[in-house]
Amino acid sequence: SVLPEIRHTPGRSYDKITQPDISQVTQFLRQINSPYVIDIETRAGSIACIGFAAILQNKTQSICVPLQTTTGPYFSLNDELCFWQEFQSVALKYQMIGHNIFYDMAWLREFGITPCDVEDTMLLFHRLYPELPKGLDFVNMWFNGRQIPYYKDDGKTWGYRQPDERLWEYNLLDVIATLWAYLDMMRLVQTKQFRQPWANYQKFTRPQFPIAFEMQSIGMPVDEVGLEFARAVLVAELDKVRQKLEVLSQGKLMIQKGNKKITDVQVASYIYGDLNLPVKRNRKTKAVTADEDALVELLIQFPEHEVLKA
């Protein structure tokens, strides 16, 4: 499939539709006439919304289609059926693009969506830059950092307390970031530097898509004995780490009664209180954090603290 030429780089902008009615959804889907991007957000074990982005009339346009909200279904049963039918009609005609598209395909398969062709920007980026991280947070920064500042912290968890509107906006950013990154990668593969990686991707990676998705869908036989052995080994190793933490922290980092693990509050209290290390904050919320990234930063700054290595 050939994508239409985009003429609004670098001053990129996009149109978006949130909280659409079914007529707006069908109108958007019926306008698609080239490869398009999708992204699925889930909440409580079901699809919360599906975002679409495409080049329509030489402009980047996007829509978030909510399915489940914090208060119940977004559409009536008939309207949602109409949406799935329109979606399938598009899927049968044009290439579907996604970042880690296999994740989305697993959900879509349950609703009868069978795309004629797919493209995965995560795998493509990994082929072009195998030494770099391939998550959408990094890929967006690499290509769209000026237009779409870092936003991925917003989507760590989507619970019922998170406003629907926030989820929908996040979903739209995902599809826009993916579409623009894909367009830029399509320009890169036309240059001399990336022609061979692109050829390798077409020859070796893409032909494995159907096989990989089939494996993901049906699973693989499991060696039950081997699985139990691996589980026992991991449990034993985890116990060793917990014992080491308890000794190094003089009992401050141990599982408290009623808990199943050492809590984030315990970790933060110990490293910022007892060790008096510089406080790390979440870049988005500014809240104090002792997550993995914070601990790695502290380990780099203060390698003498053995507890950070445990």
Any donor and acceptor pair, going by atom type alone, linking the side chain of [X] with main-chain N or O of [Y] inside 3.5 Å?
X	Y	value
Asn144	Gln147	no
Glu297	Ala294	no
Ser269	Val265	no
His99	Lys134	yes

We want to know whether [X] and [Y] form a side-chain donor-acceptor pair, criterion being a heavy-atom distance below 3.5 angstrom.
X	Y	result
Asn78	Ser76	no
Arg281	Thr289	no
Asn200	Gln196	yes
Trp84	Glu80	yes
Gln88	Thr114	yes

Would you call [X] and [Y] a salt bridge, using N to O less than 4.0 angstrom?
X	Y	value
Arg206	Asp117	yes
Arg283	Asp293	no
Glu169	Arg166	no

Is the shortest side-chain heavy-atom distance between [X] and [Y] below 4.5 Å?
X	Y	answer
Cys116	Tyr94	no
Pro66	Pro20	yes
Thr121	Val139	no
Gln266	Lys252	no
Leu29	Phe52	yes
Leu183	Ile55	yes
Arg109	Ser217	yes
Tyr182	Val37	no

For [X] versus [Y], what's the shortest heavy-atom pair and its separation?
X	Y	result
Val189	Phe194	CA-CB, 4.0 Å
Leu172	Ser62	CD2-OG, 3.6 Å
Ala290	Ile271	CB-CD1, 4.0 Å
Ile32	Ala54	CG1-CB, 4.3 Å
Thr60	Ile176	CG2-CD1, 3.5 Å
Asp120	Ile101	OD2-N, 3.1 Å

Do [X] and [Y] belong together in a cluster built from hydrophobic side chains that touch within less than 4.5 Å?
X	Y	answer
Phe111	Phe213	yes
Trp107	Leu67	yes
Leu275	Val288	yes
Leu108	Tyr103	yes
Val247	Tyr270	no

Give, for atom [atom1] of [X] and atom [atom2] of [Y], the distance between the pair rounded to the nearest 0.5 Å.
X	Y	atom1	atom2	value
Trp142	Leu128	CH2	CG	11.0 Å
Ile40	Ser46	CD1	OG	11.0 Å
Leu299	Leu308	CG	CG	5.5 Å
Cys82	Ile22	SG	CD1	4.5 Å
Thr70	Gln162	OG1	CD	10.5 Å
Asp15	Gln61	CG	CD	5.0 Å

Are there over 12 heavy-atom neighbours, none belonging to [X], within less than 6.0 Å of that residue's [atom1]?
X	atom1	answer
Glu228	CD	yes
Phe229	CZ	no
His126	NE2	no
Glu292	CD	no
Gln250	CD	no
Leu77	CG	no

Run the side-chain contact (heavy atoms from CB on, under 4.5 Å) test on Val65 and Tyr74 for me, step by step, so that the C-alpha distance in whole Å, both residues' side-chain angles and the decisive distance to 0.1 Å come before the verdict.
CA-CA 9 Å; Val65 182; Tyr74 183 83; over 6 Å; no

Check the pair Ile50 / Asp39 against side-chain contact (heavy atoms from CB on, under 4.5 Å), numbers first and verdict last.
CA-CA 6 Å; Ile50 304 178; Asp39 180 71; over 6 Å; no

For the residue pair Phe125 and Tyr129, is the inter-centroid distance of their aromatic rings smaller than 6.0 Å?
yes

Taking the six-membered ring for Trp and the single ring otherwise, decide whether the centroids of Phe209 and Phe102 are under 6.0 Å apart.
yes

Using the rule given for side-chain contact (heavy atoms from CB on, under 4.5 Å), can you reason through Lys280 versus Tyr272, listing the C-alpha separation, both sets of side-chain angles and the distance that settles it, and then say yes or no?
CA-CA 9 Å; Lys280 299 295 182 180; Tyr272 301 136; 3.3 Å; yes

Pairing residues for Glu306 by the side-chain hydrogen bond (donor to acceptor under 3.5 Å, both in side chains) criterion, not counting sequence neighbours:
Lys309

Could you work out, with ring pair (Phe, Tyr, Trp, His ring centres under 6.0 Å) as the rule, every residue matching Phe28, not counting sequence neighbours?
none

Given side-chain contact (heavy atoms from CB on, under 4.5 Å), test Arg242 with Met254 step by step and report yes or no.
CA-CA 7 Å; Arg242 287 172 173 167; Met254 59 183 294; over 6 Å; no

For the pair Phe87 and Phe83, name the ring-plane relationship: parallel under 30°, tilted 30 to 60°, perpendicular over 60°.
tilted

Classify the angle between the aromatic ring planes of Trp180 and Tyr14 as parallel (below 30°), tilted (30 to 60°) or perpendicular (above 60°).
perpendicular

Determine, stepwise, if the pair Asp164 / Arg43 fulfils salt bridge (Lys or Arg N to Asp or Glu O under 4.0 Å).
CA-CA 11 Å; Asp164 290 318; Arg43 180 162 47 193; 2.5 Å; yes

